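Encoded as structure tokens, the structure appears first; notes follow it.
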Amino acid sequence: MLSISNLGVTFTQYNQGLRRKQLTVITDLDLDVQSGEVVAVVGASGSGKSLLAHALLGILPKNAAISGTMRFQGEMLTPKRCQSLRGKAIALIPQSVGYLDPLMKVGAQVQRVAQLTGCSKAEAKTGVDRTFTRYDLPMNVRDRYPFQLSGGMARRVLVSTAVVTKAQLVIADEPTPGLHPDVVKETLSHLRELATEGRGVILITHDIEAALQIADRVAVFYAGTTVEIAAARDFHSGNLRHPYTQALWRSLPQNEFMPVPGNQPSPEQLPTGCLFSDRCPWVSEICDAERPQLRKVREGWVRCVHAKG
Amino acid sequence: MDMRVKPLLLFIVIFAAQKLLRLGLLLMAVAVFTFVLLSFSPIDPVKAYIGADMMQISPEQQVLIAERWGLDQPIGERFLDWLGQLVQGNLGTSLVFNQPVSEVIASRFQASLQMLAIAWLFSGLLGLALGITAGALQGRWPDRLIRFYAYTLASAPTFWVALLLLIIFAVSFKIAPVCCAAPPGVLSQNVTFWQRLHHLLLPAAALSIIGIANITLHTRQKLIDVLHSDYVLFARAQGESLWNIVRYHGFRNILLPAITLQFASLSELFGGSVLVEQVFAYPGLGEATVQAALRSDIPLLVGIVFFSALFVYTGNTLADLAYPVIDPRIRLGDSLT
Ligand code: SF4
């Protein structure tokens, strides 16, 4: 349904003296999503997760240039097509109630989302009713303002904004940070449900544990590039291919709890070779020669010259 | 329902009590300042009262008047005396108009009020419209044009703008009257509504043009902030167009600061009216202020000082009140969660 290959995003900045500066924040990003599956996108902040969502929705800032290809339902995603698809075929579930208008009642906001898909006012209203019933939101919640929602309610309202659109592709951007474990579980199960209904779901998160609970596949991003795409079960079975994914997995509390030493390279000075080379335990000369290509290894994809089949 | 009405009532009582207390303190401070300033001013109240007939009145008679007015008393006693009269609502008699000060202020303010109201509404609405246009099209040519206009106006003196309007519309095009609140020679009860409006329009326009700049620039900046917010990003992700974003989200979120600013701007408007009324010889409170000052009419001047303090304070109080009325986050608090 969605396939992205070699996506690149470059920002043009002007600093003092009007010197132009190119900042490549995404290099060679690959991802594919089938309908009915949840693909988790994990990575540290600055790995390009949220920018990917913005690129798909065509809401990157004006000074951003995109390269590479994005296909949605077989057709190329041009900026123009992004504009016509967003809110209709592709929907975003935002991070927090901070993404709702603080001075507009919740019901009206969700209804507005429904109307933007092309429904009439009456249709939109029944759509909101249906969705709120589905998520156990009492009718009086519609007359509340975002600041009056409890954490769990807020999550359900945010999910509702995507559900009223009937979008085939739903992108959930960090839906679980700082939430009560019960709410996390509930939110994740709602996302899983959306996939079961036949939608494709992209779950953007830095929380691997949460991702593994519902994801079919996991794409690991590092410094704006896809380093590995693995099945969720590969994590527990030790079938991981990329040294960064392995290090991430080891860093979890229930495993060795060992943080990955070092930092992501800054987009201002990316290495010419493998982006992970300065932190990689397996690094050798060929790593620095050129950027490794994404290869198929053991049923998954990996961007590392030393990964073995 | 009951649970929510009670705190609201309590809130109103506390709010009113606070405001009244502050108003009392403010007026007291104004009273002390005015009195001290006036007692150091070179104006001799007796001379001011007698005016041109000074030559015909002997020094003995002058002393008599001063005694009768209590001018020979120590300053503290004089102040208390004066304050006592003030508290009873006696502002004295205007020397220029030969009428009780409160009557002069009432009739003059009525004339000014119409002008102020038109200028206030006009500058508010137009400023809001210009600010929204500029903010939504940030960096494009309409924005640059509006900003240029606003900065130019913000630095133009009021009387200069008033004179310019007078020259263009009254002198060159002759579509507006040159002065006053009514055609000369017509009895006030015979002046029609249209005639009054005709005379009102130019001064009101001059006054509002100055106010527009402020509200325009403020609204523009606020809208730009809103357009860079997360909720607008989400609205764009839903496929909302720029003008619908302004309509559904922008407007709602800039209205509160705009209204607050507009109420708070009453003080500037009031100050501006002094100059504008002078230029147009419009018989309002502002023009009376100038006359009172030029002809040493101390009772009237003091009355106007008090009245303007009250007026500005009312404006600021309305601005404060706008918050809980408009913003649900303040109005409802977290009582429902
Ligand atoms: S390509 Fe080389 S540096 Fe990069 S991850 Fe593989 S082994 Fe490490």
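Within every chain, numbering begins at 1; the chains are lettered A, B, ... in the order of the sequence lines, protein sequences first and strands thereafter. Remember, predicted model here, so these are calculated numbers, not experimental data.
- Taking the six-membered ring where the residue is Trp, the centroids of B/Trp141 and B/Phe148 are separated by 6.0 Å or more.
- Among the candidates A/Ile171, A/Thr161, A/Val97, the residue making the largest number of heavy-atom pairs closer than 4.5 Å to chain B is A/Thr161.
- The environment of CZ in B/Arg140 is sparse: at most 12 heavy-atom neighbours from other residues, nucleotides or ligands sit within 6.0 Å.
- The number of heavy atoms from other shown groups lying within 6.0 Å of CZ (B/Phe122) does not exceed 12.
- Of all heavy-atom pairs spanning B/Ser123 and B/Ile212, the tightest one is CA-CG1, 3.6 Å.
- Note: A/Ile59 leads A/Leu56, A/Ile90, A/Ile59, A/Thr165 in heavy-atom pairs under 4.5 Å with chain B.
- Interface summary for chain B: among A/Gln109, A/Gln95, A/Arg112, the most heavy-atom pairs under 4.5 angstrom belong to A/Arg112.
- Among the candidates A/Leu57, A/Val113, A/Leu85, the residue making the largest number of heavy-atom pairs closer than 4.5 Å to chain B is A/Val113.
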